[in-house]
Amino acid sequence: MRQAGRFLPEYRKIRAKHSLVEICKDPELSAEVSVLPVDTLGVDAAILFADIMLPLEGMGVRFEIKDGIGPVIQSSLDEFQKVNSLSTLDPSSDVPYVIEAISETKKLLNSRVPLIGFCGAPFTLASYLIEGHATRDFLNTKKLMYNDPKTWHLLMDKLSTSMGTYLRAQADAGVDAVQLFDSWVGCLSPADYRAYVLPYSKRVLSYIKDKAIPRIHFGTGTSAMLEEMKHAGGDVFSIDWRIPIDVAWRMLGYDVAIQGNLDPAVLLGDRDLIRARATDILTRTGNRPGHIFNLGHGILPETPQESAQQLVDFVHEHTMLRG
Ligand code: CP3
């Protein structure tokens, strides 16, 4: 979970010369940035350097990604007419640079570690489109969901079709796994998740059902809706730090893998704290196969690089020895 990879000085150097979107649209630069944490920290996978917002441009949405704020939409999509005018994504003409970045990154990785492709989940994308920017309470999103279900379902329908096509194009281009980012879905009740979100996340994942690559379903604040998320699909479920990992895994069932769940803030603590918290997670998962050790959400920009390095090394020492 390295989104906001600003904690790496090499990344900051590149960012001083190029905007985030510029990097994403330059396949060679994007590939270079994708492999940075593999080369510097020795992590076990690379994630495509893109942003969940990029494919929305192909659907006709205009946005900016502002430093320290995140995505900001020019005109929020809060009316039927605006949603109705969205087009369907055509990955080969709308995001050719993403497809090229995948082959460039695969070349640089040279089979050292797998490459993870990704897209935003319909709910999380819809929340940015409706609110216009990041929010705490998602009230405009919920208002539209409750009061104008026709517009809500049209928006979710369009987003899920486009994101399904987008993930499939990434799978065709050679990513080794995909991750569906539903970062903000934890603001919903399990019942609303079932009624307004589940069918659409399920649809996105169904586009790559026949591809033999793992699908990671990511969310935060989802402790109360893990069973519902499992119904939406995925081979791996990513959890944040608000639930002990063994409790979450028992709830999900051992027929799926689990990803998580260190609080990114732990990396602001000292070496002993980092070791203690990582040990707790590893103890809770035991020797059970199917655990991807990870942070529960994106790494914080103020993380000291040596703390991230200590964590990677510590997890390697304590998992490789376990065999
Ligand atoms: O992890 C990586 O570095 C790979 C590429 C990646 C980015 N965004 C680039 C980026 C990935 C996987 C994402 C996913 C993403 N983008 C999500 C889902 C994951 C999550 O963290 O919940 C979301 C919600 C977004 C939207 C978004 N874009 C946010 C919330 C931010 C951070 C705003 C901030 O400054 O705090 C962005 C900007 C962004 N996208 C950065 C990066 C590396 C920040 C650094 C920069 O501007 O250079």
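Every number for a ligand or one of its atoms is a count from 1 in the order of the listing.
- Tracing side-chain contacts under 4.5 Å through hydrophobic residues (I, L, V, M, F, W, Y), one never reaches Tyr97 starting from Ile99; they form parts of separate clusters.
- Shown in contact with Leu48 at under 4.0 Å from a heavy atom are these atoms of ligand 1, numbered in order with element: 4 (C), 5 (C).
- Side-chain contact annotation: Tyr166 with Asp94, donor-acceptor N/O pair under 3.5 Å absent.
- A side-chain N or O of Ser92 and one of Asp90 form a donor-acceptor pair less than 3.5 Å apart.
- Taking every heavy atom of Arg6 and a limit of under 4.0 angstrom, the matching atoms of ligand 1 come to 34 (C), 35 (O), 36 (O), 45 (C).
- The closest approach between a heavy atom of Thr220 and any atom of ligand 1 is not below 4.0 Å.
- Residue Arg15 has at least one nitrogen or oxygen atom sitting less than 3.5 Å from a nitrogen or oxygen atom of ligand 1, judged on distance alone.
- Looking at Asp313 and Arg275, no side-chain N of the basic residue comes within less than 4.0 Å of a carboxylate O on the acidic one, giving no salt bridge.
- In this comparison of Ser183, Ser19, Pro37, the heavy atom closest to atom 22 (O) of ligand 1 sits on Ser183.
- Taking only nitrogen or oxygen atoms, main chain and side chain alike, Asp51 reaches within less than 3.5 Å of ligand 1.
- Side-chain atoms of Asp176 come within 3.5 Å of backbone atoms of Leu115 as a donor-acceptor pair (strictly under, hydrogens ignored).
- Geometrically, ligand 1 and Tyr11 share a nitrogen or oxygen pair separated by less than 3.5 Å.
- The part of His297 lying near ligand 1 is the side chain, judged by heavy-atom distances below 4.0 Å.
- For the residue pair Thr141 / Glu131, a side-chain donor-acceptor distance below 3.5 Å is found, with atom types taken as modelled.
- Residue Gly68 places at least one N or O, backbone or side chain, under 3.5 Å from an N or O of ligand 1.
- Side-chain contact check for Thr161 and Arg203: at least one donor-acceptor pair (N or O, by modelled atom type) lies under 3.5 Å.
- Below 30°, between 30° and 60°, or above 60°: for Phe138 and Trp184 the angle between ring planes is between 30° and 60°, a tilted geometry.
- Distances from atom 9 (C) of ligand 1 to the heavy atoms of Cys24, Gly117, Ala50 put Ala50 nearest.
- Counting heavy atoms under 4.0 Å from ligand 1, residue Gln179 does not touch it at all.
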